[in-house]
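Scope of the values below: all heavy atoms of this structure, side chains included, with no hydrogens, waters or symmetry mates. From a predicted model like this one, the values you see are computed outputs, not experimental measurements.
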Number of protein chains: 2
Amino acid sequence: MSGRHPGSAVTGRVVEDYVKTIYTHTEWQEEPIGPSALAERLGLAASSVTEMVNKLAAQGLVSHVRYGTITLTPAGRTLALRMVRRHRLIETWLVESFGYSWDEVHDEAEVLEHTLSDRLLEAIDEQLGHPVHDPHGDAIPSADGVVMRPAAVMLRDAAEGFVGTVVRISDHSSTLLRYFASERIVLDARVQVISSRPLMLRVGDIDIQLGEEAAASIWLSLG
Amino acid sequence: MSGRHPGSAVTGRVVEDYVKTIYTHTEWQEEPIGPSALAERLGLAASSVTEMVNKLAAQGLVSHVRYGTITLTPAGRTLALRMVRRHRLIETWLVESFGYSWDEVHDEAEVLEHTLSDRLLEAIDEQLGHPVHDPHGDAIPSADGVVMRPAAVMLRDAAEGFVGTVVRISDHSSTLLRYFASERIVLDARVQVISSRPLMLRVGDIDIQLGEEAAASIWLSLG
DNA sequence: GCTATGGTTTCGGCATGCCGAAAACTCGGA
DNA sequence: TCCGAGTTTTCGGCATGCCGAAACCATAGC
């Protein structure tokens, strides 16, 4: 659009989604994301992603060397944190104020994170009492971009016999989320790793066997 | 877009805005809207409107004869009422639950009306106790498209000496809205028409002179 | 009845974002 | 070192919605 002078901060649904997705990929995993994984997450063709990433790079939100991975610049990270904050605050709000269950909030938050005004969002934050994590246990960055995160291990990597409380459950799959809830695997639940292969988890006095995806979806408190 | 089989109900921000604007034009005025007036209201070029109106007509939302005016079909009216309901419920909610003043809600509602899910909207309706009009006095259609509207005269058309209560204030201009508030011209205020040309209005024990635009922005109860 | 004026429509163009196919590249294994 | 499988990028295309300029129409006034 011609009405945008060069160098101005260009946002918009699409930019916001790319940047947020790039950020969340590295939130619980070290290696930066590549075009095909990003395309996968966004539900787009790889060619579309390459194209868009070039535009993001031109706007200084992302750095990307040809045939390499994609990382956020400080400006990109700031925008990403802003979007993550919005998403998680909205999820929390839907659960607290409207009785959504935590496997239902994702889609609605995905839309609203782009459309609520700052004013409304801060009013919601206020009403909620400035929560620091959402119903899944994911950290809610503060308005100025500070993230508080508890030390945690992924269940998959926890040693046999390890005892801890659940501090995070990935919201990647609604099905899994519902399953966990039905098995009493919820935030702050005390659990014990009985065995690693196959993975057996004791919750209360019940032992549950979990698969690969599940084991990569739960984080336990460390210390 | 290829993924849409012919004849399916196509919605989307743009369609929703056109249809809603066509509807609200005739809400307090009889003659149907023409392309240039519609373009004016939407902030678009007339040529863009002609184009889009053709698409709406092809989808059965609107009827339009070349060089003539634009009217809603039953399907179009249904969609329009849905959008009006959403807009006004959201405005009411922002005022009631977040302390927005009524001259501040419009822009936010303009965005959110397209993005809140039905579920969230109905939850909000519930929390508000199913209001039948918004903070300006505009009717909120019910979920099944029924509109309750009080009998009213536009202030401009009220006879000298007429006494009534304010049942509607047009939200067309924020400036005007703020002015009215400062003069105690609010919903349910009891007012008297002292003279017509120039228009003098008595509110409480104060007489206020109003201009053309103001006189076309206020409706008084009839009977 | 004719024409001028103003609203309406057509047309070519542009920007954004997406796609699939084909070309370009990387890197591990032989 | 060379090859090939798997990624990444390029390229032409498409859909949506918008614009301005030019062509078109309706009708009021003469």
Side-chain angles (χ1 to χ4, degrees), chain A residues 1-22 25 31-59 61-71 79 83 110-111 114-115, chain B residues 1-22 25 29 31-59 61-71 76 79 83 110-111 114-115:
Chain A
M1 103 140 51
S2 54
R4 210 88 84 173
H5 48 81
S8 73
V10 181
T11 60
R13 281 205 60 117
V14 176
V15 172
E16 290 169 357
D17 277 336
Y18 273 80
V19 163
K20 187 190 67 171
T21 306
I22 294 165
H25 177 85
E31 324 107 58
I33 199 168
S36 61
L38 184 49
E40 166 74 32
R41 288 225 188 181
L42 291 169
L44 301 175
S47 56
S48 308
V49 168
T50 295
E51 213 169 60
M52 193 64 200
V53 163
N54 285 333
K55 292 179 189 169
L56 298 184
Q59 304 195 344
L61 294 171
V62 135
S63 39
H64 174 233
V65 287
R66 283 165 60 89
Y67 298 100
T69 56
I70 302 154
T71 48
L79 178 56
M83 295 317 295
E110 203 63 38
V111 176
H114 304 292
T115 62
Chain B
M1 106 145 46
S2 53
R4 209 89 83 172
H5 49 81
S8 73
V10 180
T11 60
R13 282 205 60 119
V14 176
V15 172
E16 290 168 357
D17 277 337
Y18 273 79
V19 164
K20 189 191 68 173
T21 305
I22 294 166
H25 176 85
Q29 200 167 323
E31 323 109 56
I33 198 168
S36 60
L38 184 49
E40 167 73 32
R41 288 225 187 180
L42 291 169
L44 301 176
S47 57
S48 308
V49 168
T50 295
E51 213 169 61
M52 193 63 201
V53 164
N54 285 333
K55 292 177 187 169
L56 298 184
Q59 305 195 343
L61 293 171
V62 134
S63 39
H64 175 233
V65 286
R66 283 164 62 89
Y67 299 99
T69 57
I70 302 154
T71 48
L79 178 57
M83 296 317 296
E110 203 63 38
V111 175
H114 304 291
T115 62

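The shortest distance between side-chain heavy atoms of B/Val14 and B/Met52 falls below 4.5 Å. Proximity of A/Pro35 to A/Val53: side-chain heavy atoms (C-beta onward) are nowhere separated by under 4.5 Å. A 4.5 Å side-chain heavy-atom check between A/Val15 and A/Leu56 finds at least one atom pair inside the cut-off. The shortest side-chain heavy-atom distance between B/His64 and B/Asn54 falls under the 4.5 Å cut-off. A/Tyr18 has its side chain within reach of A/Val49: a pair of non-hydrogen atoms, C-beta onward, lies under 4.5 Å apart.
Rounded to a whole Å, the CZ atom of B/Arg13 is 16 Å from the C1' atom of C/dT16. Distance CG (B/Asp17) to P (D/dT16): 17 Å, rounded to an integer number of Å. Rounded to whole angstrom, the span from the CD1 atom of B/Ile70 across to the P atom of C/dG7 amounts to 14 Å. Atoms CG (A/Asn54) and P (C/dT16) sit 14 Å apart, rounded to a whole Å.
For the helix from C/dG1-D/dC30 to C/dA30-D/dT1, the angle separating the two terminal helix axes comes to 20°, with each axis derived from five pairs and the value rounded to 10°.
Within the model, atoms CD of A/Gln59 and CG of A/Leu79 stand 10.0 Å from one another, a figure rounded to the nearest 0.5 Å. Here B/His114 contributes atom NE2 and B/Met83 contributes atom CE; the two are 5.0 Å apart, rounded to the nearest 0.5 Å. A distance of 10.5 Å separates CG in B/Leu61 from CD in B/Glu16, rounded to the nearest 0.5 Å.
Listed by residue number, the members of residues 34-41 of chain A with any heavy atom below 4.0 angstrom from DNA chain C form an empty set.
Ion pairing between B/Glu110 and B/Lys20 holds under the 4.0 Å rule for side-chain N and carboxylate O.
OP1 and OP2 of D/dT8 both lie 4.0 Å or more from every side-chain N or O belonging to A/His64.
The two residues B/Gly34 and B/Ile70 make their nearest non-hydrogen contact at C-CD1, 4.0 Å.
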request  = Determine, for nucleotides 17-25 of chain D in 5'-to-3' order, which nucleotides have protein heavy atoms under 4.0 Å from the base (write B), from only the sugar-phosphate (write S), or from neither (write -).
outcome  = SBBBB--BS

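No donor-acceptor pair under 3.5 Å is formed between the side chain of A/Ser48 and the backbone N or O of A/Leu44.
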